[in-house]
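Some notes on the structure that comes next.
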Amino acid sequence: MTFTNDKAIYIQMADRLCDEILADKYKDDDRIPSVREYAVLLEVNTNTAVKAYDELARANIIYNKRGLGYFVTKGAKKQILKERKKEFMKERLPELFRQMQLLDITVDDVVEAFSNIKNVKE
């Protein structure tokens with residue numbers, strides 16, 4: 001994983017695990033990689049992975065079964081979607097609209113571009 005400088009590494013790790021939950025790699029009550037496994041996979045210090053898992057546990061995205069590892073909390077995907085949509089609408093969409101106005105990009109232009117991307121994936 002390539003990390004950026006705009007967020008702490010443990011937050012980026014937590015975001016990646018949330019992305020994997022959204023992509024159905026891990027579903028409700030599925031076991032996720034151990035802290036050590038995830039640290040090795042992403043080539044980070046184990047303490048950084050611990051912080052990421054603690055963050056997700058505090059947010060009720062994952063839970064720990066003592067001796068068995070971490071699991072995805074029931075309803076985590078729905079919770080992640082709700083939070084990400086809220087963040088997108090509040091943080092990213094206003095800047096997108098501002099750029100669209102500056103560049104004279106219409107909603108029709110965006111719909112057409114989205115359709116082209118969607119058709120390429122299919």
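Please read all numbers here as calculations on a predicted model, not as lab measurements. Counting begins at 1 with the first residue of the sequence. All values below were derived from every heavy atom in this structure, side-chain atoms included, with hydrogens, water molecules and symmetry-related copies excluded.
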Would you indicate whether [X], at its atom [atom1], is surrounded by more than 12 heavy atoms from other residues, nucleotides or ligands within a distance under 6.0 Å?
{"X": "Q101", "atom1": "CD", "result": "no"}
{"X": "E43", "atom1": "CD", "result": "no"}
{"X": "K51", "atom1": "NZ", "result": "no"}
{"X": "R31", "atom1": "CZ", "result": "yes"}

Inset, instruction - For side chain to side chain contact (heavy atoms under 4.5 Å, CB included), just list the numbers for K86 and K82, CA-CA rounded to whole Å, side-chain angles, deciding distance to a tenth of an Å, and then say yes or no. - result: CA-CA 6 Å; K86 189 169 108 178; K82 181 181 173 184; 5.8 Å; no

Inset, instruction - Answer with yes or no whether the side chains of E83 and Q79 bring together a donor and an acceptor at under 3.5 Å. - result: no

Legend entry - Modelled atom types, side-chain donor and acceptor of T106 and D109, under 3.5 Å: yes

Taking all atoms of both residues into account, what is the closest heavy-atom pair of [X] and [Y], and its distance?
{"X": "R36", "Y": "T46", "answer": "CG-CG2, 4.1 Å"}
{"X": "A52", "Y": "M13", "answer": "CB-CB, 3.8 Å"}
{"X": "D15", "Y": "K7", "answer": "OD2-NZ, 2.6 Å"}

To the nearest 0.5 Å, what is the distance between [atom1] ([X]) and [atom2] ([Y])?
{"X": "D108", "Y": "E112", "atom1": "CG", "atom2": "CD", "answer": "8.5 Å"}
{"X": "T2", "Y": "Q12", "atom1": "OG1", "atom2": "CD", "answer": "10.0 Å"}
{"X": "T73", "Y": "I61", "atom1": "OG1", "atom2": "CD1", "answer": "7.0 Å"}
{"X": "L17", "Y": "L42", "atom1": "CG", "atom2": "CG", "answer": "9.0 Å"}

Are [X] and [Y] in one and the same hydrophobic cluster, where Ile, Leu, Val, Met, Phe, Trp and Tyr link if side-chain heavy atoms are under 4.5 Å apart?
{"X": "M100", "Y": "M89", "value": "yes"}
{"X": "I21", "Y": "F88", "value": "no"}
{"X": "I105", "Y": "L102", "value": "no"}
{"X": "L103", "Y": "V110", "value": "yes"}
{"X": "F3", "Y": "V40", "value": "no"}

[X] side-chain N/O to [Y] backbone N/O, donor-acceptor pair under 3.5 Å:
{"X": "D19", "Y": "R16", "answer": "no"}
{"X": "E87", "Y": "R84", "answer": "no"}
{"X": "D30", "Y": "V72", "answer": "no"}
{"X": "T48", "Y": "V44", "answer": "no"}

Legend entry - Stepwise side chain to side chain contact (heavy atoms under 4.5 Å, CB included) check, E20 with I32: CA-CA 10 Å; E20 292 171 343; I32 61 173; over 6 Å; no

Inset, instruction - With sequence neighbours left out, write down each residue that passes salt bridge (charged side-chain N to carboxylate O under 4.0 Å, His left out) with R66, or none if nothing qualifies. - result: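 Partners of R66 under the salt bridge (charged side-chain N to carboxylate O under 4.0 Å, His left out) test: none.
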
Inset, instruction - Evaluate the side chain to side chain contact (heavy atoms under 4.5 Å, CB included) criterion for residues N64 and Y53: first the C-alpha distance (whole Å), next the side-chain angles of each, then the deciding distance (0.1 Å), finally the verdict. - result: CA-CA 9 Å; N64 187 10; Y53 277 48; over 6 Å; no

Inset, instruction - Measure the shortest side-chain to side-chain distance between Y26 and C18 over non-hydrogen atoms and say whether it is less than 4.5 angstrom. - result: no

Legend entry - Set of ring-ring contact (aromatic ring centres under 6.0 Å, His included) partners for Y10, sequence neighbours left out: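 By the ring-ring contact (aromatic ring centres under 6.0 Å, His included) rule, Y10 matches no residue at all.
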
Inset, instruction - Taking only Lys NZ, Arg NE, NH1 and NH2, and the carboxylate oxygens of Asp or Glu, determine whether D28 and K77 approach each other closer than 4.0 Å. - result: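 Between K77 and D28 there is no salt bridge, as every charged N stays at least 4.0 Å from the carboxylate O atoms.
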
Legend entry - Residues I62, E55; criterion side chain to side chain contact (heavy atoms under 4.5 Å, CB included); working and verdict: CA-CA 9 Å; I62 62 174; E55 181 75 19; over 6 Å; no

Inset, instruction - Give the ring-plane orientation class for Y63 versus F71, where under 30° counts as parallel, over 60° as perpendicular and anything between as tilted. - result: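 Parallel, since the angle between the ring planes stays under 30°.
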
